[in-house]
Amino acid sequence: MKATLPTPHLRSFPSPTPLSFKLSFAFPETRRKSLSISSTPKGTPSPSLDYVPLRVTASSQAASAPTVNLTAIPTEMKAWVYGEYGGVDVLKLDEKVSVPEVKEDEVLIKVAAAALNPVDAKRRQGKFKATDSPLPTVPGYDVAGVVVKVGSQVKELKEGDEVYGNINEKALEGPRQFGSLAQYTAVEEKLLALKPKNLDFAQAAGLPLAIETAYEGLELTGFSSGKSILVLNGSGGVGSLVIQLAKQVFGASKVAATSSTGKLELLKSLGADLAIDYTKDNFEDLPEKFDVVFDAIGQCDRAVKAVKEGGSVVALTGAVTPPGFRFVVTSKGEVLKKLNPYLESGKVKPVVDPRGPFPFTQVDEAFSYIETNRATGKVVIHPIP
């Protein structure tokens with residue numbers, strides 16, 4: 001597996017056929033609105049949204065499977081690549097990256113959609129270079145797509161299966177050199193699950209890393225029915241799923257969560273019993289304390305003040321203050337399989353940022369956006385041609 005790395009000569013690609021998305025805003029009737037957004041060519045300004053959409057419903061065109069010729073897998077593909085650590089400017093769209101070889105326990109996926117996570121940006125910036133895979137790197141953890149080739153030891157998946165997953169078993173320890181921001185990617189079977197039937201590829205791609213982090217973090221705390229939880233950054237990719245899993249899967253007695261003013265209704269729609277506006281209130285000053293605080297924003301020093309004695313504080317980022325503990329997810333396809341029924345029943349829903357999905361030609365812009373730390377839910381890349 002080798003990428004062609006002299007700074008590639010980039011030519012203009014045809015703009016993808018615009019995809020129409022209807023964003024439904026579930027607010028009181030006086031503020032109910034809907035807005036159709038098209039995935040438009042580069043340079044078209046994004047709409048200004050006063051409220052956060054609670055649901056993203058893709059058209060049938062977006063939900064359909066990509067056309068795949070299972071017998072005609074190319075040797076080269078288009079992929080986003082960086083050959084050095086740095087800012088967004090190190091990312092290049094390369095047309096001649098080698099399609100990954102498939103090991104015995106792996107499948108080759110024709111990628112339909114991918115998603116960005118904060119770890120993608122930190123990895124590109126070189127913050128994990130001591131344990132990173134060698135450069136050059138094709139970034140991307142989350143993937144959804146169609147299996148086009150299977151290794152000799154693959155037991156359950158077959159060509160034509162629609163799958164999703166986090167392709168890196170360990171987020172920071174030797175993540176794959178060839179990630180999901182490409183037309184094809186090779187993944188171990190054990191990291192994948194069949195895509196929930198009711199979700200399109202864009203929705204499914206935004207789930208794996210975030211939902212696995214939410215689920216495993218709750219498990220580590222011993223969270224169970226009847227316990228209370230406070231979620232910091234409840235409108236983010238992980239936080240929006242912690243709220244839902246705590247309520248729908250683990251049976252929380254009370255879920256509180258923080259966000260900015262414009263996203264409080266989103267928190268409530270996801271199942272939060274108490275939505276806290278962090279621009280107006282300090283959550284650590286609440287008289288009520290919680291069995292678990294799930295810190296998805298990097299405020300562990302404050303989070304420990306909101307937990308009950310003997311409770312747990314999960315810290316995903318930033319400095320850790322005892323009794324808080326650092327948590328880094330280990331990807332497991334079994335977690336996705338376990339949660340698929342909740343997704344297919346609609347009890348747990350993906351939250352896709354209203355500025356997306358970003359087309360494949362705008363991955364650099366998607367990175368710039370996620371690094372503002374203002375995204376709601378997940379930043380998704382779709383379609384990938």
Residues R176, E106: salt bridge by 4.0 Å N-O rule: yes
Residues K378, D142: salt bridge by 4.0 Å N-O rule: yes
Aromatic ring pairing Y215/F250, orientation class (parallel under 30°, perpendicular over 60°, tilted between): tilted
Straight-line distance of K305 NZ to D301 CG, nearest 0.5 Å: 6.5 Å
Salt-bridge present (K195, E344; N to O < 4.0 Å): no
Cluster companions of L230 among Ile, Leu, Val, Met, Phe, Trp, Tyr (side-chain spacing under 4.5 Å): L232, L274, I276, F283, L286, F290, V293, I297, V304, V307, V313
Residue list, salt bridge (Lys or Arg N to Asp or Glu O under 4.0 Å) with E84, at least two apart or on another chain: none
Presence of salt bridge, D105 and K190, under 4.0 angstrom: no
Heavy atoms of other groups near K347 NZ, more than 12 under 6.0 Å: no
Mutual orientation of the aromatic rings belonging to W80 and F360 [parallel < 30°, tilted 30-60°, perpendicular > 60°]: perpendicular
Ionic contact status for E216 with K332, cut-off 4.0 Å: yes
Ion pair K337/E156, N-O distance below 4.0 Å: yes
Heavy-atom neighbours of R326 CZ exceed 12 at 6.0 Å: yes
Main-chain N/O of S228 paired to D291 side chain as donor or acceptor, under 3.5 Å: yes
